[in-house]
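As structure tokens, the structure follows; a few thoughts come after it.
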Amino acid sequence: MNALAKSCLDIRDLSAVLPNGLRVLRSVSLSVQPGEVRALVGESGAGKTMIGKAVLGVLPPSVRIVEGDMLLEGEDLGKLQPKARRTLIGARTALIPQDPLTALNPSRRIGPQMTDRLVRILGWSGEKADTRIRQLLDEVQIRDPERVLKCYPHELSGGMRQRVLIAAAFAAEPRLIVADEPTTALDVTVQKQILRLIAQLQREHGTAILFVTHDLGVVAKISQKVSVLYAGKVVEEAETAALFAAPQHPYTRALMAATPRYTDPLASLKPVDEAVLAGLAAEIAAADQAWRHPHG
Amino acid sequence: MAEPLFSVRGLKVALPDMTRKPLFGRAPLAEILKGLDFDLPRGSVTGIVGESGSGKSTLGRALVRLLEPSAGSVSFDGRDITHLPEAELRPVRRNLQMIFQDPMSSLNPRRTIASIIAAPLKQNGLGDNLKARVAEALQRVGLPQGFASRYRHELSGGQRQRVGIARALALSPKFVLADEIVSGLDVSTQAQILTLLEKLAADMGLTVAFISHDLSVIRRLCRQVIVMREGAIVEASATDTLFEKPQQAYTRDLLAAIPLPEIDDAWLLPAAKAPA
């Protein structure tokens, strides 16, 4: 085995198409090392959520993977039988979704929703699952677990719901968590608490995170590595510190200039230059051309 | 200095609290705005910022009289409109326009863009020469004339928001309420819409109340800022003062919570002070 096999997640040349033949993922390659946070950043339609869904095996039926490999801790997901693949993904990964209200069943109390996954999918005893959940609720700084476990989702605030889902995600000690815009729906002060919490649990548990976001501010704070996406293509990939020190791709530079920055109002909120978008369109057309006709 | 366009004194708004509504009978009232005093100077953009539940949108709706205040007064252009009956309010309304957060739900899916922009013109007896007026409105917001015959679903998010702006400005109002108009947009589109609004407000001498949860956006666009929390004004000052010398701890917390797009390893570390 080569060194890459040690990656927590390794995606190589992943391409996916819609029924009309349009590529929604364009030869995406990226890796997430154990205990590392990799941000996937891009605007709507960039394919960042699609990558997360591909990893978790929950792509919509209309999206078909036509090329490429996904390796979870060295195991090639494409080579496994569907059942074995689901078991492996279920045991080693977890999701922190964007909208906790749609992720939680509105008609069930929080407690059973949290233990369900541990008992039914991982086969833990009810008692063990219960103990574990309480431990995690404590880690996400929920002071009154008794009350929260008995609540229905609508009885909790947005920040509390997100804490519950973070606790649930970490409970089974997954190796990899896909966090899909987990703070987008939250107020800034709550967002900061939640990001802090995710970072702390991630460090303590040594979990790798694929962190999907549209906000370069969040990327700068939470991640060590970053992939910048546009139209399903990774246009730039770098260590986060390096990306912010010296962004290479014109699109990355344009995104940075468009991102609001209250400390420097005149240098921020700049509309993306038409030339940059034209360049991107050409780059993508060329990539598609090369992909369809690999030998000229 | 001329008198302010809006002068608000002791403004209170109480709305039915549906979470405490008995199965039969009326919901008890909850006070959403707890006595606000402020002025909106003419021809400038004022930011109204706060977290969810702070009452910023309720304040906006009270300004344009979509809600009737329960106490206090709102005077617009030297006239008390607090309890003005709807018939008398009608001629005032053309000067009170709105741009909404979600153009997808605020544009009628079954009407063409031209008919959407023309609606307020017809309503206000400006039905003559409609075609030219719509063309002018489209041009103002940088949309091609061909868009007149299109429908909402044929437009991108940014284009839809341009239509929302075109409709609000079709009557050349004195006041525009912009409630979270860029929060559903991508950063690149957001920058375009803000630049457009900035330019139009300056060109047309508009008075704008710009409601947002995002202080970074406010700094660029607004001359003064009102910070709200739990139905009250925490701090109101000139934009530069607010950002450079915030007076209130809450304002400082809000600023500190914004993740700036720059590396800062200390940002995620627990605060030095004891946890609340």
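Throughout, protein chains are lettered first and strands after them, A, B, ... in sequence-line order, and every chain is numbered starting at 1. All values below come from the heavy atoms of this structure, side chains included, with hydrogens, waters and symmetry mates left out.
The choice from B:I218, B:L254, B:L268 that makes the most heavy-atom pairs within less than 4.5 Å of chain A is B:L268. Taking chain A as the reference chain and counting heavy-atom pairs below 4.5 Å, the highest number among B:L194, B:L221, B:I258 is found for B:I258. Taking A:A220, A:G158, A:G42, A:A199 one by one and counting their heavy-atom pairs under 4.5 Å with chain B, the maximum is reached by A:A220. Comparing B:R220, B:H213, B:E244 by how many heavy-atom pairs each has under 4.5 Å with chain A, the most go to B:R220.
For the residue pair A:E43 and B:V187, the shortest heavy atom distance occurs at OE2-N, 3.6 Å. Residues B:P259 and A:D215 approach most closely at CG-OD2, 4.3 Å, considering heavy atoms. Here the shortest heavy-atom pairing between B:D264 and A:K221 reads CB-NZ, 3.6 Å.
Neither the backbone nor the side chain of A:L186 comes within contact range of chain B; no heavy atoms are under 4.5 Å apart. When heavy atoms are compared at a cutoff of 4.5 Å, B:D265 does not approach chain A at all. Both the backbone and the side chain of B:L255 come within contact range of chain A, with heavy atoms under 4.5 Å apart. Interface remark: A:V188 contributes backbone and side-chain atoms alike to the contact with chain B (heavy atom separation under 4.5 Å).
For CZ of B:R61, the number of neighbouring non-hydrogen atoms (other residues, nucleotides, ligands) closer than 6.0 Å is 12 at most. Heavy-atom contacts from other residues, nucleotides or ligands closer than 6.0 Å to CD of A:E239 number 12 or fewer. Shown here is A:K233, whose NZ atom has more than 12 heavy atoms of other residues, nucleotides or ligands within 6.0 Å. More than 12 non-hydrogen atoms from other residues, nucleotides or ligands lie less than 6.0 angstrom from CD of A:E204. For A:K150, the NZ atom is loosely surrounded, since the number of other residues' heavy atoms within 6.0 Å does not exceed 12.
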### Message
For B:W267 and A:R196: C-alpha separation, side-chain torsions, deciding distance, then whether side chain to side chain contact (heavy atoms under 4.5 Å, CB included) applies.
### Response
CA-CA 8 Å; B:W267 195 81; A:R196 188 178 276 170; over 6 Å; no

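Side chain of A:K192 to main chain of B:A256: a donor-acceptor pair is present (N/O by atom type, distance under 3.5 Å, no hydrogens or angles). Counting only distance, with no hydrogens or angles, the side chain of A:D187 and the backbone of B:S52 share a donor-acceptor pair below 3.5 Å.
When side chains are defined from C-beta on, B:P261 does not count as touching A:V219, because their heavy atoms never get closer than 4.5 Å.
At a heavy-atom separation below 4.5 angstrom, chain B is approached by A:A258, A:T259, A:P260, A:R261, A:Y262, A:T263, A:P265, A:S268, A:L269, A:K270, A:P271, A:V272 within residues 257-272 of chain A.
For the atom pair CD (A:E155) and OG1 (B:T19), the distance works out to 11.5 Å, reported to the nearest 0.5 Å.
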